[in-house]
2 protein chains.
Amino acid sequence: MATQRFSSDIGAFRRAALSCPIPNAVDLIGEKWAFLILRGALNGLRHFEEFQAGLGIARNILSDRLARMVAGGILERCPDPNDGRKVIYSLSRKGEGLLPVVVALRQWGEEWGHGSSEVVLADRRDGRAVRKICVQAHDGRALNLDELTWVRPDGESVEIRQAAE
Amino acid sequence: MATQRFSSDIGAFRRAALSCPIPNAVDLIGEKWAFLILRGALNGLRHFEEFQAGLGIARNILSDRLARMVAGGILERCPDPNDGRKVIYSLSRKGEGLLPVVVALRQWGEEWGHGSSEVVLADRRDGRAVRKICVQAHDGRALNLDELTWVRPDGESVEIRQAAE
DNA sequence: CTGTTTGGTTGCGATTTGCTACTGATATCG
DNA sequence: CGATATCAGTAGCAAATCGCAACCAAACAG
């Protein structure tokens with residue numbers, strides 16, 4: 001009945017995937033509008049109408065996404081104390097934690113020609129552009145894909161990639 | 001006719017958004033399956049059946065996403081020279097450039113409890129875990145949201161966030 | 001030649017999108 | 001105060017997309 005005869009490392013991959021946080025994370029912000037709302041929030045958008053006009057998103061979709069992001073702890077929803085009609089959607093600490101993801105994606109887009117870099121993100125202190133985000137070793141050295149492995153916290157190595165040629 | 005009377009900074013936001021690479025980038029990988037395929041590819045998955053079994057994705061959807069990612073230059077598709085039935089999907093340099101995005105999202109998920117860190121990404125040279133990815137100033141200092149601004153390449157400051165409030 | 005693996009495609013019902021119009025609560029204007 | 005405008009959503013509905021299952025042709029393997 002040929003139970004499992006995988007040609008390479010899907011077995012290991014699936015096992016590792018069980019504990020991988022990415023699928024859950026992707027359910028929260030791995031969707032066009034959710035990600036654009038996040039970008040908007042990082043850039044100071046705070047109200048329903050601002051998101052709607054700023055992103056050009058349909059109102060029912062926006063409503064749904066905001067609710068999900070609030071439920072997911074990325075955004076916080078509170079009535080505007082200065083104007084009873086308005087609601088303020090602000091980033092939680094968890095939401096702010098996504099800054100590196102958004103900036104990394106932006107830098108990737110710039111590097112690969114998905115839009116010009118007319119403005120660039122900079123350190124407010126001195127106005128100098130931020131560094132290119134990269135994966136860094138313990139000592140700060142930049143690492144690329146083939147310099148990485150998976151290890152268990154005890155230091156034991158685990159092969160997931162490279163298992164298959 | 002009340003043309004534009006935005007209460008805060010959507011005007012500036014929309015202007016900046018025109019040149020922002022994020023919407024295009026999001027069209028390419030800002031979707032659940034595309035992102036999971038990317039993660040799979042970074043972890044060594046290479047064949048159609050591997051992705052299908054590894055991710056549990058429907059075959060028609062997988063087919064569609066692979067084609068899009070090839071068209072978008074993230075993956076490269078080539079027939080396996082050793083087996084005429086197989087096709088190898090491998091990351092292009094552009095695709096590998098997304099490594100920081102994926103790792104940053106994974107770290108965020110770990111930090112905020114979307115999955116355990118049974119295995120951790122490490123420097124293959126010494127087996128030590130990689131650093132937490134963050135936005136860094138020119139001198140390597142970690143920067144958080146409120147320490148950032150937008151500047152034009154000539155150094156001229158541009159207010160997008162913080163314009164409101 | 002027979003059976004299996006691989007990488008798809010096709011059909012179809014269920015879900016999700018996105019547009020437009022509407023509502024109800026609160027503010028602003030005169 | 002009364003009329004109007006703003007804000008944050010809902011409601012309805014057509015069109016697009018998803019996801020399952022079945023099917024298929026080409027390329028091996030025995």
Side-chain angles (χ1 to χ4, degrees), chain A residues 1-11 23 26-37 40-41 45-71 75-90 164, chain B residues 1-11 23 26-28 30-37 40-41 45-71 75-90 164-165:
Chain A
M1 126 128 29
T3 323
Q4 302 303 67
R5 203 71 291 277
F6 292 130
S7 58
S8 73
D9 57 353
I10 340 166
V26 161
D27 276 339
L28 262 178
I29 49 145
E31 190 268 340
K32 184 184 173 188
W33 292 121
F35 201 89
L36 293 179
I37 288 169
L45 300 189
R46 277 146 44 257
H47 302 291
F48 190 95
E49 305 286 338
E50 286 180 344
F51 287 109
Q52 200 280 313
L55 306 181
I57 180 177
R59 323 193 103 241
N60 55 341
I61 310 292
L62 175 57
S63 182
D64 175 80
R65 296 301 185 278
L66 287 173
R68 277 194 218 190
M69 292 170 77
V70 169
L75 293 178
E76 282 160 8
R77 195 202 111 110
C78 74
D80 188 331
N82 303 319
D83 186 338
R85 295 168 301 181
K86 293 188 179 177
V87 168
I88 297 176
Y89 288 97
S90 56
Chain B
M1 107 121 54
T3 323
Q4 302 303 67
R5 202 72 290 276
F6 293 130
S7 58
S8 73
D9 56 352
I10 341 163
V26 161
D27 277 339
L28 262 178
E31 189 269 338
K32 183 185 173 187
W33 292 121
F35 202 89
L36 293 179
I37 288 168
L45 301 189
R46 278 145 44 254
H47 302 293
F48 189 95
E49 306 286 339
E50 285 179 346
F51 286 109
Q52 201 280 311
L55 305 181
I57 179 177
R59 322 189 107 246
N60 54 343
I61 310 290
L62 176 57
S63 182
D64 175 80
R65 295 300 185 279
L66 288 173
R68 277 193 218 191
M69 291 170 78
V70 169
L75 294 176
E76 282 160 7
R77 195 200 113 110
C78 73
D80 188 330
N82 303 320
D83 187 337
R85 294 167 301 180
K86 293 188 178 178
V87 167
I88 298 176
Y89 288 98
S90 57
E165 156 50 335

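A note on names: the letters A, B, ... follow the listed sequences, proteins ahead of strands, and every chain is numbered from 1.
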Distance in angstrom units between [X] [atom1] and [N] [atom2], rounded:
{"X": "B/K32", "N": "D/dC18", "atom1": "NZ", "atom2": "P", "value": "11 Å"}
{"X": "A/I88", "N": "D/dG9", "atom1": "CD1", "atom2": "P", "value": "12 Å"}
{"X": "B/L75", "N": "C/dG7", "atom1": "CG", "atom2": "P", "value": "14 Å"}
{"X": "A/E49", "N": "D/dT10", "atom1": "CD", "atom2": "P", "value": "13 Å"}
{"X": "B/R68", "N": "C/dG8", "atom1": "CZ", "atom2": "C1'", "value": "17 Å"}
{"X": "B/I57", "N": "D/dC20", "atom1": "CD1", "atom2": "P", "value": "10 Å"}
{"X": "B/E31", "N": "C/dT17", "atom1": "CD", "atom2": "C1'", "value": "14 Å"}
{"X": "A/D83", "N": "C/dA27", "atom1": "CG", "atom2": "P", "value": "5 Å"}

Residue [X], side-chain heavy atoms: nucleotide from [options] that is nearest:
{"X": "B/R77", "options": "C/dG7, D/dA27, D/dG9", "answer": "C/dG7"}
{"X": "B/V87", "options": "C/dG7, C/dA25, C/dG18", "answer": "C/dG7"}
{"X": "B/F48", "options": "D/dC28, C/dG7, D/dA8", "answer": "C/dG7"}
{"X": "B/W33", "options": "D/dC18, D/dG19, D/dA27", "answer": "D/dG19"}

About how many Å separate [atom2] of [Y] and [atom1] of [X], when rounded to the nearest 0.5 Å?
{"X": "A/L75", "Y": "A/R65", "atom1": "CG", "atom2": "CZ", "result": "13.0 Å"}
{"X": "A/S63", "Y": "A/Q52", "atom1": "OG", "atom2": "CD", "result": "11.5 Å"}
{"X": "A/L36", "Y": "A/F51", "atom1": "CG", "atom2": "CZ", "result": "11.0 Å"}

Identified side-chain contact (heavy atoms from CB on, under 4.5 Å) partner of A/E49 from the options A/K86, A/R85, A/R59 |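 Result for side-chain contact (heavy atoms from CB on, under 4.5 Å) with A/E49: A/R59.
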Picking from B/I57, B/L62, B/L66, B/D64, what satisfies side-chain contact (heavy atoms from CB on, under 4.5 Å) with B/W33?
->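 Checked B/I57, B/L62, B/L66, B/D64 against B/W33; only one passes side-chain contact (heavy atoms from CB on, under 4.5 Å): B/I57.
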Of all of residues 58-66 of chain A, which get a heavy atom below 4.0 angstrom from DNA chain D, listed by number?
->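 The answer is A/R59, A/N60, A/S63.
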So A/R77 and A/V87, side chain to side chain contact (heavy atoms under 4.5 Å, CB included) or not? Walk me through it.
-> CA-CA 7 Å; A/R77 195 202 111 110; A/V87 168; 3.5 Å; yes
What pair of heavy atoms forms the shortest contact from B/A34 to B/L28, and how long is it?
->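 Of all heavy-atom pairs spanning B/A34 and B/L28, the closest is CB-O, 3.8 Å.
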When you match A/G56 and A/G84 each to their closest nucleotide on DNA chain C, which lands nearer the 5' end?
->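 On the 5' side of the pair lies A/G56.
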When you check the phosphate oxygens OP1 and OP2 of C/dG7, does a side-chain N or O of B/H47 lie under 4.0 Å from one of them?
->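 Yes, because at least one side-chain N or O of B/H47 sits under 4.0 Å from OP1 or OP2 of C/dG7.
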Taking only side-chain nitrogens and oxygens of B/Y89, does any of them come within less than 4.0 Å of OP1 or OP2 of C/dT6?
->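 No, no such contact exists.
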